[in-house]
Amino acid sequence: MKTIISRQKIRSPFVAKVEELSGQNLLACYQCGKCSAGCPAISQMDLPPNQVIRYAQLGLKDELINSNTMWICASCLTCNVRCPKGINIAEVMEALRQVLLRQRKDHVDINKLSTKEKSELPPIALVGNFRKTTS
Ligand code: SF4
Ligand code: SF4
């Protein structure tokens, strides 16, 4: 996918909404990568957490909403503790999820999982998913 950066995207309502919902100043991030280096779930993410912050700074909404990273994020808060700029990255992940959930867009629909899939999932995964659904 071709990525286009523009002033309109950087100043878009999407960026403002993510900052408002998360309470974070995205521009404080200087891309040191410490958040990603400590993330226990990074092997399953298609964008590392520092890149999510960078994309959010640039207002790259399409790239972000097509990423699996905010759904994989376990809200463990390791990144928050490691960030030298005091950015709460986990809150940014939650804000990105909220933007989509408010549009009634679920990443996982538990009702569509087969009985076999449900029986093989660890219960904590199902419980965690309840925080990430519209229903
Ligand atoms: S809160 Fe999410 S992004 Fe941050 S370290 Fe934990 S799993 Fe990774
Ligand atoms: S640790 Fe903080 S400053 Fe460093 S890349 Fe992550 S969000 Fe940015």
Side-chain angles (χ1 to χ4, degrees):
M1 180 166 54
K2 188 174 173 186
T3 299
I4 298 173
I5 296 170
S6 66
R7 182 180 299 180
Q8 284 84 0
K9 284 185 180 179
I10 292 170
R11 295 183 179 169
S12 66
F14 169 71
V15 175
K17 181 56 74 179
V18 172
E19 287 199 320
E20 179 196 339
L21 289 173
S22 67
Q24 306 304 303
N25 174 14
L26 296 171
L27 291 178
C29 170
Y30 61 172
Q31 288 294 299
C32 69
K34 284 194 73 172
C35 50
S36 297
C39 176
I42 196 167
S43 65
Q44 303 302 312
M45 295 171 171
D46 54 13
L47 286 178
N50 70 297
Q51 203 167 341
V52 166
I53 301 296
R54 186 67 179 136
Y55 279 20
Q57 286 174 335
L58 297 173
L60 300 178
K61 182 179 179 183
D62 292 342
E63 288 80 353
L64 283 171
I65 63 178
N66 288 314
S67 165
N68 72 2
T69 296
M70 65 253 198
W71 305 107
I72 296 291
C73 170
S75 304
C76 70
L77 310 184
T78 304
C79 49
N80 290 13
V81 175
R82 289 173 61 90
C83 179
K85 299 291 292 200
I87 301 166
N88 292 336
I89 298 100
E91 276 79 341
V92 176
M93 298 288 182
E94 176 65 15
L96 290 168
R97 287 193 292 267
Q98 287 302 320
V99 166
L100 287 177
L101 293 174
R102 289 178 182 191
Q103 296 169 14
R104 309 289 299 168
K105 290 180 183 167
D106 280 315
H107 185 65
V108 175
D109 184 347
I110 289 179
N111 295 320
K112 290 183 179 164
L113 295 178
S114 69
T115 305
K116 183 172 183 295
E117 286 170 322
K118 283 186 212 164
S119 69
E120 289 175 352
L121 274 173
I124 191 67
L126 284 172
V127 172
N129 192 67
F130 289 139
R131 284 191 306 106
K132 301 175 181 175
T133 60
T134 58
S135 52

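Order of appearance sets the numbers: ligands from 1, and atoms from 1 within every ligand. Treat the numbers as computed from the prediction; the structure is a model and nothing was measured. Along the sequence shown, the residues carry numbers beginning at 1.
If you check which protein heavy atom lies closest to atom 4 (Fe) of ligand 1, you get C79 SG, 2.2 Å. The protein non-hydrogen atom at the shortest distance from atom 7 (S) of ligand 1 is A74 N, 3.3 Å. Atom 8 (Fe) of ligand 1 has as its closest protein heavy atom C39 SG, 2.3 Å. Of all protein heavy atoms, the one closest to atom 2 (Fe) of ligand 1 is C73 SG, 2.3 Å. The protein non-hydrogen atom at the shortest distance from atom 1 (S) of ligand 2 is C35 N, 3.4 Å. Here the heavy atom of the protein found nearest to atom 6 (Fe) of ligand 1 is C76 SG, 2.3 Å.
Atom 4 (Fe) of ligand 2 has no N, O or S atom of C29 inside 2.8 Å of it.
Of all atoms in ligand 2, numbered sequentially from 1 with element shown, those under 4.0 Å from a heavy atom of G33 are 4 (Fe), 5 (S). Ligand 2 places these atoms under 4.0 Å from at least one heavy atom of Y30: 3 (S). The atoms of ligand 2 that sit less than 4.0 Å from any heavy atom of P84 are 1 (S). Atoms of ligand 2 found under 4.0 Å from any heavy atom of Q31, numbered from 1 in the order shown, are 5 (S), 8 (Fe). Close approach to P40 involves these atoms of ligand 1, each under 4.0 Å from a residue heavy atom: 5 (S). For ligand 2, the atoms closer than 4.0 angstrom to any heavy atom of K85 are 3 (S). Close approach of ligand 2 to I89 is summarised as follows: ligand atoms under 4.0 Å from at least one heavy atom of the residue are 7 (S). Set against the non-hydrogen atoms of N50, the atoms of ligand 2 under 4.0 Å away are 5 (S). Listed by atom number, the atoms of ligand 1 under 4.0 Å from S75 heavy atoms are 1 (S), 2 (Fe).
Residue V18 is not grouped with residue I72 when hydrophobic side chains (ILVMFWY) are merged at heavy-atom distances under 4.5 angstrom, including chains of intermediate members.
Nearest heavy-atom pair across P48 and I42 is CB-CD1, 3.7 Å. In plain terms, the two heavy atoms of K85 and A28 that are nearest each other are CE-O, 3.1 Å.
Within the 4.0 Å heavy-atom cutoff, R82 does not count among the residues contacting ligand 2.
Of the possible donor and acceptor atoms, none in the side chain of S22 sits under 3.5 Å from a partner among the backbone N and O of A95. At distances below 3.5 Å, not a single donor-acceptor pair connects side-chain atoms of N88 with backbone N or O atoms of A90. Side-chain N or O atoms of R82 include none that pairs as donor or acceptor with a backbone N or O of C35 at under 3.5 Å. Using modelled atom types, one side-chain atom of K9 and one backbone atom of I4 make a donor-acceptor pair closer than 3.5 Å.
Remark: the R54 side chain and the Q57 side chain contain an N/O donor-acceptor pair separated by less than 3.5 Å. E91 and N80 share a donor-acceptor pair across their side chains, judged by distance under 3.5 Å alone.
By heavy-atom distance, the residue among A41, C83, A90, P49 lying nearest atom 3 (S) of ligand 1 is P49.
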Evaluation steps, side-chain contact (heavy atoms from CB on, under 4.5 Å), between L96 and F14: CA-CA 9 Å; L96 290 168; F14 169 71; 3.7 Å; yes

side-chain contact (heavy atoms from CB on, under 4.5 Å) between V15 and I10, worked out: CA-CA 7 Å; V15 175; I10 292 170; 5.8 Å; no

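The side-chain heavy atoms of L121 and L113, taken from C-beta on, include a pair separated by under 4.5 Å.
Contacts of L77 with ligand 1, taken as heavy-atom pairs under 4.0 Å, involve the backbone alone.
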